[in-house]
Amino acid sequence: MESVKAQSYDVHIDELAQAALNQHIAKNDYSKTFVLVDTNTKKYCLPAFEKKFEEPIDSIFEIEPGEENKNIQTCLQVWEQLSNFDGDRKSLLINLGGGVLTDLGGFVASTFKRGIDFINIPTTLLSMVDASIGGKTGVDLGSLKNQIGVINQPQMVLIFPEFLKTLDPRQIKSGYAEMLKHGLIKDKEYWDDLRRENIFEVASSIQKSIAIKNDVVMQDPTEKGLRKILNFGHTLGHAIESYCLENYDKKTLLHGEAIAIGMIMEGFLSHKLTGLSKLCLNEIKETFLQHFEKVDFDTNDMDAILKLLKYDKKNSHGNINFVLLQSIGVALTDIKVPENLFEEAFSYYK
Ligand code: NAD
Ligand code: ZN
């Protein structure tokens, strides 16, 4: 597979990734090399990584997995370890893990001694096709997601699809939802191909998804315009995700599971407002329902979710802005949606 040229760094896949990593280390005179893992990636990914990596590792830092640990306390632990192990400005941090770890590790590296080099090695499908690409790093503030952070690019991103073998099938599907999104917003042919593929054999499509996300990010790194299209399904999806997290009697949804619902509902809004055909809308709904179990929202749920919508970060001046589709492969940004359509969108999903 070819590498993808990103902003100031490259994304390498498989054998090329291994060669690129070893060349990079040989070329740069790093004083220390540190690897950040969580309990799961230490067990499932670190042994294979150590076989690929030729240079000595100075120390391995381990953090607890999970979104609940994506916070400043965990950063503090890693900063302290970097300091205790004599990390200096010429140190390198290799982030080996899912999106929680690459977001946090990227932020830790970007702020330690005003910034040291870091390399992302994403180990979940979601982090391979989404979280580790684009330079957004950061942590949560209490229950508010990604409130503290910086945009800073890694030295390189290395993709080893073999890591997906130990990943929970629900996590695979979560990443698959983001891949389908890439087709919906930018590439109809890719959407058609992905829909036909076996969900557990999508490794060969990772590169396409990365190229789409990267292309969008390169044109608009700071999300002034085009980059917003990556938020398709995320306006309602985020509200649904937060609601389910706070209401333990409801099923807790992974990010991709929530945005799959968001994409069905925002597909409906696209049909009403921006010209998406009925045929395409039905195709979107069928595709997601084939892979994601339906969640049973009642009127109370809907009211609470719509309340949360108002707190969505994309709202400006009291309006709720959506990314909607004109057709499959063509997304439009900053579309205002009349509130009465939200209820209809829920009914359509049900
Ligand atoms: P995650 O990092 O929590 O990983 C999911 C679980 O899988 C964890 O328990 C992890 O320890 C485990 N795991 C990781 N790799 C494994 C492997 N190969 N085998 C077995 N288990 C493994 O979740 P995620 O879905 O990768 O990432 C979600 C995070 O990504 C969120 O915090 C989200 O905000 C962030 N994100 C960031 C961006 C961005 O642009 N920076 C974009 C999308 C999402
Ligand atoms: Zn997402």
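Keep in mind that what you see is a predicted model, and the values were worked out from it rather than measured. For ligands, and for the atoms within them, numbers begin at 1 and follow the listed sequence. Numbers here are sequence positions counted from 1. What's counted below: heavy atoms across the whole structure, side chains too, no hydrogens, waters or symmetry copies.
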**Message:** If you apply the rule ring-ring contact (aromatic ring centres under 6.0 Å, His included), what do you find for His182 with Tyr190, and how did you get there?
**Reply:** CA-CA 8 Å; His182 292 142; Tyr190 181 49; 7.4 Å; no
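- Side-chain contact annotation: His24 with His12, donor-acceptor N/O pair under 3.5 Å absent.
- In terms of polar-atom proximity, Asp103 is counted as a contact of ligand 1, with an N or O under 3.5 Å from an N or O of the ligand.
- A distance-only check finds a donor-acceptor pair linking the side chain of Thr111 to the backbone of Phe107 [under 3.5 Å].
- A salt bridge links Glu162 and Lys52; the closest N-O separation between the charged side-chain nitrogens and carboxylate oxygens is under 4.0 Å.
- Ser242 contributes a side-chain N or O that, together with a main-chain N or O of His238, makes up a donor-acceptor pair within less than 3.5 Å.
- Heavy atoms of Glu67 found under 4.0 angstrom from ligand 1 belong exclusively to the side chain.
- Residue Thr137 has no nitrogen or oxygen atom sitting less than 3.5 Å from a nitrogen or oxygen atom of ligand 1, judged on distance alone.
- In this structure, atom 26 (O) of ligand 1 lies nearest to the protein heavy atom Thr124 OG1, 2.6 Å.
- At the shortest separation from atom 25 (O) of ligand 1 among protein heavy atoms lies Leu126 CD2, 3.4 Å.
- Within the listing of ligand 1, atoms 40 (O), 41 (N) sit less than 4.0 angstrom from a heavy atom of Lys136.
- Between Ala131 and ligand 1, at least one N/O pair is under 3.5 Å apart.
- The closest approach between any non-hydrogen atom of Cys45 and ligand 1 is below 4.0 Å.
- In terms of modelled atom types and a separation under 3.5 Å, the side chain of Asp220 and the main chain of Leu226 share a donor-acceptor contact.
- With rounding to the nearest 0.5 angstrom, the OG1 atom of Thr235 is 11.0 Å from the NZ atom of Lys228.
- Rounding to the nearest 0.5 Å gives a distance of 9.0 Å between CD1 of Ile335 and CD of Gln326.
- The ring-ring contact (aromatic ring centres under 6.0 Å, His included) search around Phe160 returns Phe163, not counting sequence neighbours.
- Of all protein N/O/S atoms, those lying under 2.8 Å from the Zn ion (ligand 2) come to 3.
- Remark: ligand 1 and Thr166 share an N or O pair separated by less than 3.5 Å (distance only, no angle test).
- Interatomic distance, Leu96 CG to Cys45 SG, rounded to the nearest 0.5 Å: 5.5 Å.
- For ligand 1, the polar-atom distance check finds an N/O of Phe163 within less than 3.5 Å of one of the ligand's N/O atoms.
- Ring orientation note: the planes of Phe34 and Phe85 are nearly perpendicular, at an angle over 60° on the 30°/60° scale.
- The shortest contact between atom 21 (N) of ligand 1 and any protein heavy atom is with Leu167 CD1, 3.9 Å.
- Atom 5 (C) of ligand 1 has Gln171 NE2, 3.5 Å as its closest protein atom, hydrogens excluded (heavy atom only).
- Atoms of ligand 1 found under 4.0 Å from any heavy atom of Lys213, numbered from 1 in the order shown, are 40 (O).
- Among the atoms of Thr123, some N or O lies under 3.5 angstrom from an N or O of ligand 1.
- Ligand 1 places these atoms under 4.0 Å from at least one heavy atom of Asp38: 10 (C), 11 (O).
- At a heavy-atom distance under 4.0 Å, atoms from both the backbone and the side chain of Val100 approach ligand 1.
- Around atom 43 (C) of ligand 1, the closest heavy atom drawn from Val217, Asp130, Leu101 belongs to Asp130.
- Formation of a donor-acceptor pair under 3.5 Å by the Asp298 side chain with backbone atoms of Asp301 is found in this model.
- Among the atoms of Pro65, none of the N or O lies under 3.5 angstrom from an N or O of ligand 1.
- Note: an N/O pair closer than 3.5 Å links Gly99 and ligand 1 by distance alone.
- Only the side chain of Thr41 comes within 4.0 Å of ligand 1, counting heavy atoms alone; its backbone N, CA, C and O stay farther away.
- Contacts between His255 and ligand 1 below 4.0 angstrom, taking non-hydrogen atoms only, are absent altogether.
- The main-chain N or O of Glu68 is found under 3.5 Å from a side-chain atom of Asn71 such that the two form a donor-acceptor pair.
- Remark: Lys90 is positioned above the aromatic ring of Tyr30, its terminal NZ or CZ atom under 6.0 angstrom from the ring centre and at most 45 degrees off the axis.
- Ile185 CD1 to Phe232 CZ: the interatomic distance, rounded to the nearest 0.5 Å, is 9.0 Å.
- Phe322 contributes atom CZ, which lies 9.5 Å from atom CG of Leu341 (distance to the nearest 0.5 angstrom).
- Lys336 contributes no side-chain N or O that, together with a main-chain N or O of Ile320, makes up a donor-acceptor pair within less than 3.5 Å.
- Ring orientation note: the planes of Tyr348 and Phe268 are close to parallel, at an angle under 30° on the 30°/60° scale.
- Per-residue contacts place Lys145 under 4.0 angstrom from the following atoms of ligand 1 (heavy atoms of the residue considered): 31 (C), 32 (O), 33 (C), 34 (O).
- Residue Asn146 approaches ligand 1 through these ligand atoms, each under 4.0 Å from one of its heavy atoms: 34 (O).
- Counting only heavy atoms of the protein, atom 12 (C) of ligand 1 lies nearest to Asn40 ND2, 3.8 Å.
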